[in-house]
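Quick note: residue numbers are just sequence positions, from 1.
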Amino acid sequence: MSAEKTLEILDLFDFETRSLTVPQIADKLEQPQSSVYRHLRLLKEKGYIMETNDGYYKLGYKFLKFAKIVKLDTNISVISQPAMRQLTQDTGETSILLISSNLQAVCLDTVPSGHPIKVSSEQGQIIPLYGGASSKALLAYLDQEILYQLFHQGLVQKHTDHTIIDLEELEKNLEEVRSKGYAFSDSEIDEGVVSYGVPVYDSGDQVIASLSIAGPRERMLKKDEKQLITDLMKAVEDIQKHL
């Protein structure tokens with residue numbers, strides 16, 4: 001079954017053409033109706049197309065999910081910028097915005113401090129989902145199956161002597177993240193870097209990103225942890241107001 005032909009069916013729908021019958025689709029694509037039926041059956045099974053009682057086909061509700069994902073990924077970095085700049089100003093450390101993607105994490109944006117540090121979390125970079133405060137603030141709230149897949153597929157690797165590579169130990173650590181409401185990392189991915197991360201919730205109370213601050217170990221450990229977490233939570237609250 002041609003993926004190109006299947007996509008051509010989806011391309012027929014727009015704001016002016018929101019529903020079509022099989023004969024109409026077949027006519028527009030110059031395909032046999034039997035072929036159109038086969039493609040529609042697959043699309044319907046996967047939730048991309050739905051059929052009405054009068055024999056018309058419309059785009060399925062699955063596209064609402066995709067639209068929401070695209071919107072969040074596009075806008076959350078813009079929405080977060082003011083809060084991230086304020087967070088970096090308040091803490092004097094680099095702020096990092098992260099989202100999960102499959103079995104990895106993606107850095108959407110960073111606001112560097114006046115004291116640059118070498119971290120893996122740079123804008124657009126793909127980073128491990130199992131280590132570092134920013135990633136663990138996401139992983140702790142994802143489906144447990146994702147954690148198991150990371151280990152099953154052999155994706156969990158040692159980056160430093162402090163990387164947690166034992167499943168049971170990581171499970172306990174993520175439970176602590178959920179209990180405290182924030183994640184902590186000391187040189188787990190980047191040697192000599194300490195970070196704190198908290199989850200970001202959307203209007204549906206789902207975790208869709210994480211916000212963290214990171215800095216050199218010798219400087220971060222001298223700071224008031226309680227105040228750092230307070231500043232992080234305030235920044236997240238400011239972001240969530242606009243989601």
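A donor-acceptor contact shorter than 3.5 Å is absent between the side chain of Ser35 and the backbone of Gln31. Put simply, the side chain of Arg41 never gets that close to the backbone of Arg38: no donor and acceptor are under 3.5 Å apart. Judged by distance alone, with hydrogens and angles left aside, the side-chain atoms of Ser135 form a donor-acceptor pair with the main-chain N or O of Pro128 at under 3.5 Å. Using modelled atom types, no side-chain atom of Thr17 and backbone atom of Phe13 make a donor-acceptor pair closer than 3.5 Å. A distance-only check finds a donor-acceptor pair linking the side chain of Thr163 to the backbone of Thr160 [under 3.5 Å]. Without hydrogens or angle criteria, Ser19 side chain to Lys58 main chain gives no donor-acceptor distance under 3.5 Å.
Under the 4.5 Å side-chain criterion, counting only non-hydrogen atoms from C-beta, Leu170 is in contact with Tyr130. In this structure, the side chains of Asp109 and Ile96 stay at 4.5 Å or more apart for every pair of heavy atoms. Counting heavy atoms from C-beta outward, Asp224 and Leu228 have side chains that stay 4.5 Å or more apart. Residues Asp27 and Glu30 are not in side-chain contact: their nearest non-hydrogen atoms beyond the backbone lie 4.5 Å or more apart. Counting heavy atoms from C-beta outward, Ile99 and Ile208 have side chains that stay 4.5 Å or more apart. Side-chain contact between Leu12 and Ile25 is present, with at least one heavy-atom pair separated by less than 4.5 Å. Between Gln33 and Pro23, the closest side-chain pair of non-hydrogen atoms falls below 4.5 Å. The closest side-chain heavy-atom distance from Val200 to Val207 is not below 4.5 Å.
Across Ala183 and Ala133, no two heavy atoms sit closer than the pair CB-O, 3.4 Å. Considering all non-hydrogen atoms of both residues, Pro112 and Thr94 come closest at CA-OG1, 3.7 Å. Between Ala83 and Asp238, the shortest heavy-atom distance links the atoms CB-CB, 4.1 Å. Nearest heavy atoms, Leu211 versus Leu232: O-CD2, 3.6 Å. Leu129 and Ala105 make their closest contact through CD1-CB, 4.0 Å (heavy atoms, listed as atom of the first residue, atom of the second, distance). Closest non-hydrogen pair, Gly197 versus Ser212, comes out as CA-CB, 3.7 Å.
With sequence neighbours excluded, no residue forms a salt bridge (Lys or Arg N to Asp or Glu O under 4.0 Å) with Glu237. When the salt bridge (Lys or Arg N to Asp or Glu O under 4.0 Å) test is applied to Lys46, no partner is found at least two apart in sequence or on another chain. Here Thr21 pairs with Gln24 under the side-chain hydrogen bond (donor to acceptor under 3.5 Å, both in side chains) rule; sequence neighbours left out. Every residue two or more places apart in sequence or in another chain that forms a salt bridge (Lys or Arg N to Asp or Glu O under 4.0 Å) with Arg178 is listed here: Glu175.
In this structure, the separation between CG on Leu142 and CD on Gln206 is 10.5 Å, given to the nearest 0.5 Å. In this structure, Ser100 OG and Asp143 CG are separated by 11.5 Å, a value rounded to the nearest 0.5 Å. Separation of atoms CD (Gln125) and OG1 (Thr110) is listed at 10.0 Å; rounding is to 0.5 Å. We find the OG-CZ distance between Ser113 and Arg219 to be 5.5 Å, quoted to the nearest 0.5 Å. Going from atom CD1 of Ile213 over to atom OG of Ser134 covers 11.5 Å, rounded to the nearest 0.5 Å. Here the CD atom belonging to Gln240 is positioned 9.0 Å from the CD1 atom belonging to Ile76, to the nearest 0.5 angstrom.
Met50 and Tyr48 are members of different hydrophobic clusters when ILVMFWY side chains are connected at heavy-atom separations under 4.5 Å. Transitive grouping of hydrophobic side chains (ILVMFWY, heavy atoms separated by less than 4.5 Å) keeps Phe66 and Tyr61 in distinct clusters. Both Val177 and Ile165 are members of a single hydrophobic cluster when ILVMFWY side chains are connected at heavy-atom separations under 4.5 Å. Using a 4.5 Å cut-off between side-chain heavy atoms of Ile, Leu, Val, Met, Phe, Trp and Tyr, with links allowed through other members, Leu98 and Ile146 fall into the same hydrophobic cluster.
Remark: Phe63 CZ is packed, more than 12 non-hydrogen atoms of other residues, nucleotides or ligands lying under 6.0 Å away. The environment of NZ in Lys158 is crowded: more than 12 heavy-atom neighbours from other residues, nucleotides or ligands sit within 6.0 Å. In the displayed structure, Glu145 atom CD is contacted under 6.0 Å by more than 12 heavy atoms of other residues, nucleotides or ligands. No more than 12 heavy atoms of other residues, nucleotides or ligands sit less than 6.0 Å from atom CG of Asn102. Sparse packing is recorded around NZ of Lys28, with 12 or fewer heavy atoms of other residues, nucleotides or ligands lying under 6.0 Å away. Counting heavy-atom neighbours within 6.0 Å of Lys62 NZ, excluding the residue itself, gives a total above 12.
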Tyr56 vs Leu20, side chain to side chain contact (heavy atoms under 4.5 Å, CB included): CA-CA, chis, key distance, verdict
CA-CA 5 Å; Tyr56 279 83; Leu20 290 165; 5.5 Å; no
Kindly indicate, with the supporting measurements, whether the criterion side chain to side chain contact (heavy atoms under 4.5 Å, CB included) is fulfilled by Leu147 and Leu174.
CA-CA 10 Å; Leu147 175 62; Leu174 296 176; 4.1 Å; yes
Given Lys5 and Glu8, is the salt bridge (Lys or Arg N to Asp or Glu O under 4.0 Å) satisfied, shown in steps?
CA-CA 5 Å; Lys5 293 298 182 182; Glu8 285 178 356; 3.8 Å; yes
Any chance you could lay out the side chain to side chain contact (heavy atoms under 4.5 Å, CB included) test for His162 and Glu191, step after step, and finish with the verdict?
CA-CA 9 Å; His162 300 279; Glu191 191 68 57; 4.2 Å; yes
Decide yes or no on side chain to side chain contact (heavy atoms under 4.5 Å, CB included) for Ile127 and Gln104, but give the supporting numbers first.
CA-CA 6 Å; Ile127 61 177; Gln104 298 171 314; over 6 Å; no
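For the residue pair Gln144 / Tyr148, a side-chain donor-acceptor distance below 3.5 Å is found, with atom types taken as modelled. A side-chain donor from one of Thr88 and Ser95 sits under 3.5 Å from a side-chain acceptor of the other. Between the side chains of His39 and Thr6, a donor-acceptor pair is found at a separation under 3.5 Å. Of the N and O atoms on the side chains of Gln89 and Arg85, not one donor lies less than 3.5 Å from an acceptor on the other residue. If you check the side chains of Asp231 and Gln227, you find a donor sitting under 3.5 Å from an acceptor.
Annotation: ring-ring contact (aromatic ring centres under 6.0 Å, His included) contacts involving residues 224-243, sequence neighbours excluded, are absent. Applying the ring-ring contact (aromatic ring centres under 6.0 Å, His included) test to residues at least two apart or on different chains, the pairs with a partner in residues 190-236 are Phe184-Tyr196.
Under the 4.0 Å criterion applied to side-chain N and carboxylate O atoms, Glu188 and Lys136 are assigned as salt-bridge partners. Note on Lys180 versus Glu176: salt bridge recorded, some NZ/NE/NH1/NH2 to OD/OE distance being below 4.0 Å.
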